[in-house]
Structures are given as C-alpha cells and as structure tokens.
Visitor: 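Provided herewith is a single structure, encoded as structure tokens, for subsequent inquiry.
Numbers for residues simply follow the sequence, beginning at 1. The basis for the numbers below is simple: all heavy atoms, side chains too, and nothing from hydrogens, waters or symmetry mates.
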Amino acid sequence: MMISIPERPWAIDAGAVLERLDSTRNGLAADEARRRQETFGANELEDARGRSVVAVLLNQFRSPLIYILLVAGVVTLLLREYVDSAVIAVVLLINAVIGFTQEYRAEQSMAALRRLSRAHARVVRDGREREIDAAELVPGDVVLLEAGDRIPADARLLHEASFEVDESLLTGESTVVTKTVDPVPADAVLADRANSVFMGTTVTRGRARGTVVATGRATVLGNIAESVRQIGETQTPLQRRMGRFARIIGIAIGIACLIGFAFGLVAGEELGELVLSLVALAVAAIPKGLPI
C-alpha cells in the first residue's frame, strides 16, 4: 500500500490517519521503518554549520557606506588627524555592535532549536515497545508519551488519558493544553489542534499514544528553524531598497569628492588640507544611522 501523508491529520479520524500512513495501532515493522527512513530521512533539524563569530562580525562591514567610512578613517589616520579617526571609528563600532548582536542572536536561536529536536522516543515496533533515538522516527511510527517526555515528532493522537501538553514554545500560551483524540476543524490554528502534538513541546500530565505524521524539517518546529536559519540569507523589499539607496549615496559621494579634488587642485589648494576637506565632505554626507 502506498503511504500518503495526510495534509490535515487533525481534521480526520485517527483510524483514517493510520490507514493513509499504512500503519496500525501496533506500529510498524522494523524493516518497514528502515525503508521509510531512507525515503524521509532522519528525524532531526538540519545541522548546518552556523557562521563563525568572526564571519558574523565581518559581515557588518559589507556596505558601500561603511567602505567610505573605512577609507576616510584610514586617510585621517595617515594624516595623523587622530580626533577625526576616533570619531569615524566610533561610528563604525556602534554599527558593528548593533548588527552583530542581531545576527548572532539569530544564529544562537537556530542552535537552540536544533538542541530541542534531540531526544529519545518510546515506540511500538513489531508489536513490541522499545526505546530508540528520536532521529530514527518515521511517519507511521506509533509513539508512547507520558508526563515529563519531550515530544520527539509531530503526531496525531490515537489514545489519551488525562493528557496535557505545554506548547508555549510554539504558541506562546502560558497555560497547558488538554488533549483529545477527536477530529477538529480543518482550518483550526496550531493552538486549537487539540488532537495533535508537536516536536519540542513537553508532556505535563497523563499518557497518550500517537502516530507520527511529520518528522525533521517537515514538523512545525522544523519550519520555524528553517525560517530562523534563513535570516540574513534573504532580504525584505525595504532592505533591498535601502541597499540601492546606500549604493546611490556612495556613488554620489565618490563623484562629489572627485569633482572637489579636481577643483581644489586647479585652485591651488594645499594637498593635505584638500584631502581633509574631502574626507569631511564624505563623512558628513553619510547618514550615520542608515547602515544600522
């Protein structure tokens, strides 16, 4: 029988979910579980190596406006205008600290979500209860849950006894959720899917048995982790417009400095004073808050 992952398992009867997953209340055979893991992969969040602290820090200096400030800082330093150099350095430091803090927190959030996905699971395989690494879970597995367990995958409940779960990790709700096995409306939001449990949440009371409907990146927690991972890899329309704006300002400053340099030479200005004037022009023209 071909396995079919239900799109909205919370909206149909538990028996129908098992039928679509080609499973039973006694779980999968060990051989079948191995075959499914080859198809669906390990039940874990992508363990892509995050950027190093140095890489995150260096990324804060990738902007046309920052390049101009860096050049201006070097020029004033070479001319021994240390006060000007210090002011430019402070601007660069503030920008780097704010940007670094934001991106580093995103990297740490991703690592924390990966840690939440690591657990062990009690399953029914070949009709017998056994404990396995949660990474070995596959859709159709029947998992056994009790108070104190961290839920290892998204599952549709088959049976429950006074079963309550803390889902604050996903929903932000401060109260525990009482679970049931009855179907709920297809358009139910996450917090209202009372017959489903989700990876990373915690059982606070009771016992339950459920069939796995999503593993790894296909889980709700996996979708959140993927969204966090992509922070910094994608840009909003506002970020793209601001990037274009920064490039336009950078080009305009460059042209203005070249014109000013040419007129200064024609007028017979002393070279050192001319360079300092152009540096002042470049630094003054940059909106200091724009890179941040």
Visitor: Please check if Trp10 and Leu21 belong to a single hydrophobic cluster, counting links between Ile, Leu, Val, Met, Phe, Trp and Tyr side chain heavy atoms closer than 4.5 Å.
Guide: no

Visitor: Indicate whether any N or O donor in one side chain lies under 3.5 Å from an N or O acceptor in the other, for Asn26 and Thr24.
Guide: no

Visitor: Between the main-chain N or O of Arg128 and the side-chain N or O of Asp126, is there a donor-acceptor pair closer than 3.5 Å?
Guide: no

Visitor: Verify the cluster assignment for Val197 and Val123: are they in a single hydrophobic cluster under the rule of side-chain heavy atoms below 4.5 Å apart?
Guide: yes

Visitor: Please determine whether a side-chain nitrogen of the Lys or Arg among Arg35 and Glu38 lies less than 4.0 Å from a carboxylate oxygen of the Asp or Glu.
Guide: no

Visitor: Starting from Val124, can I reach Leu158 by hopping between I/L/V/M/F/W/Y residues whose side chains sit under 4.5 Å apart?
Guide: yes

Visitor: With hydrophobic residues grouped by side-chain heavy-atom distances under 4.5 Å, do Ile132 and Val203 end up in a single group?
Guide: yes

Visitor: Can you give me the closest heavy-atom contact between Arg156 and Ala14, atom names plus distance?
Guide: NH2-N, 3.5 Å

Visitor: Check the hydrophobic clustering (I, L, V, M, F, W, Y; side-chain heavy atoms under 4.5 Å; chains of links allowed) and say if Val279 and Leu274 are grouped together.
Guide: yes

Visitor: Only pairs at least two apart or in different chains count here, so list each ring pair (Phe, Tyr, Trp, His ring centres under 6.0 Å) that has a residue in residues 69-103.
Guide: Phe100-Tyr104

Visitor: Return the minimal non-hydrogen interatomic distance between Thr204 and Val176, and the atom names on each side.
Guide: OG1-CG1, 3.7 Å

Visitor: After noting the C-alpha distance and the side-chain angles of Leu190 and Thr171, does the key distance pass the side-chain contact (heavy atoms from CB on, under 4.5 Å) rule?
Guide: CA-CA 7 Å; Leu190 185 69; Thr171 65; 4.1 Å; yes

Visitor: Nearest 0.5 Å, please: how far is OG1 in Thr39 from CZ in Arg34?
Guide: 13.5 Å

Visitor: Just how far is it from atom CD1 of Ile248 to atom CD1 of Ile253, taken to the nearest 0.5 Å?
Guide: 12.0 Å

Visitor: Looking at every heavy atom in both Ala153 and Ala214, which two are closest together, and how far apart are they?
Guide: CB-O, 3.5 Å

Visitor: Give the intermediate values and the outcome of side-chain contact (heavy atoms from CB on, under 4.5 Å) for residues Val143 and Leu137.
Guide: CA-CA 9 Å; Val143 293; Leu137 285 174; 3.8 Å; yes

Visitor: Return the set of residues passing salt bridge (charged side-chain N to carboxylate O under 4.0 Å, His left out) with Glu160 (not counting sequence neighbours), or none when no residue passes.
Guide: none

Visitor: Please report the interatomic distance CG(Asp133) to CG(Asn43), rounded to the nearest 0.5 Å.
Guide: 9.0 Å

Visitor: Would you say the side chain of Val75 lies within less than 4.5 Å of the side chain of Val275, judging by non-hydrogen atoms?
Guide: yes

Visitor: Any side-chain heavy-atom pair from Leu92 and Ile66 closer than 4.5 angstrom?
Guide: yes

Visitor: Are Thr178 and Glu164 close enough, and set up right, to give a side-chain contact (heavy atoms from CB on, under 4.5 Å), and what steps lead you there?
Guide: CA-CA 4 Å; Thr178 301; Glu164 295 180 350; 3.6 Å; yes

Visitor: Identify the two heavy atoms, one from Gly140 and one from Ser23, that lie closest to each other, and give their separation to 0.1 Å.
Guide: O-OG, 2.7 Å

Visitor: State whether the side chain of Thr219 and the backbone N or O of Thr215 hold a donor-acceptor pair below 3.5 Å, judged by distance alone.
Guide: no

Visitor: Look at the side chain of Ser85 and the backbone N and O of Leu77, then say whether any donor-acceptor pair between them is shorter than 3.5 Å.
Guide: yes

Visitor: Determine the sole option in Thr211, Leu18, Val142 for which the side chain to side chain contact (heavy atoms under 4.5 Å, CB included) test with Arg25 is passed.
Guide: Leu18

Visitor: Do Asn223 and Arg217 come within less than 4.5 Å of each other through their side chains, counting heavy atoms only?
Guide: no

Visitor: Please name the pair of heavy atoms, one in Asp154 and one in Phe198, separated by the smallest distance, quoted to 0.1 Å.
Guide: OD1-CA, 3.2 Å

Visitor: Stepwise, does the side-chain contact (heavy atoms from CB on, under 4.5 Å) test hold for Val17 with Ile12?
Guide: CA-CA 7 Å; Val17 174; Ile12 59 178; 3.5 Å; yes

Visitor: Tell me the salt bridge (Lys or Arg N to Asp or Glu O under 4.0 Å) pairs involving residues 136-146, sequence neighbours left out?
Guide: Arg122-Glu146, Arg125-Asp141, Glu146-Arg207

Visitor: Could you grab the distance from atom NE2 of His159 to atom CZ of Arg209, nearest 0.5 Å is fine?
Guide: 8.0 Å

Visitor: Can you name the nearest heavy-atom pair linking Val184 to Ala194, along with the distance?
Guide: CG1-N, 4.2 Å

Visitor: Among all residues two or more places apart in sequence or in another chain, which pass the side-chain hydrogen bond (donor to acceptor under 3.5 Å, both in side chains) test with Arg130?
Guide: none

Visitor: What residue pairs, at least two apart or across chains, pass salt bridge (Lys or Arg N to Asp or Glu O under 4.0 Å) with a residue in residues 169-196?
Guide: Glu167-Lys179

Visitor: Give every residue pair that meets the salt bridge (Lys or Arg N to Asp or Glu O under 4.0 Å) criterion with at least one member in residues 264-279, sequence neighbours excluded.
Guide: none

Visitor: Testing Leu145, Thr202, Thr201, Asp149 for side chain to side chain contact (heavy atoms under 4.5 Å, CB included) with Val165, which one passes?
Guide: Thr201

Visitor: Output yes when a side-chain donor or acceptor of Asn195 lies under 3.5 Å from a complementary backbone atom of Thr180, and no otherwise.
Guide: no

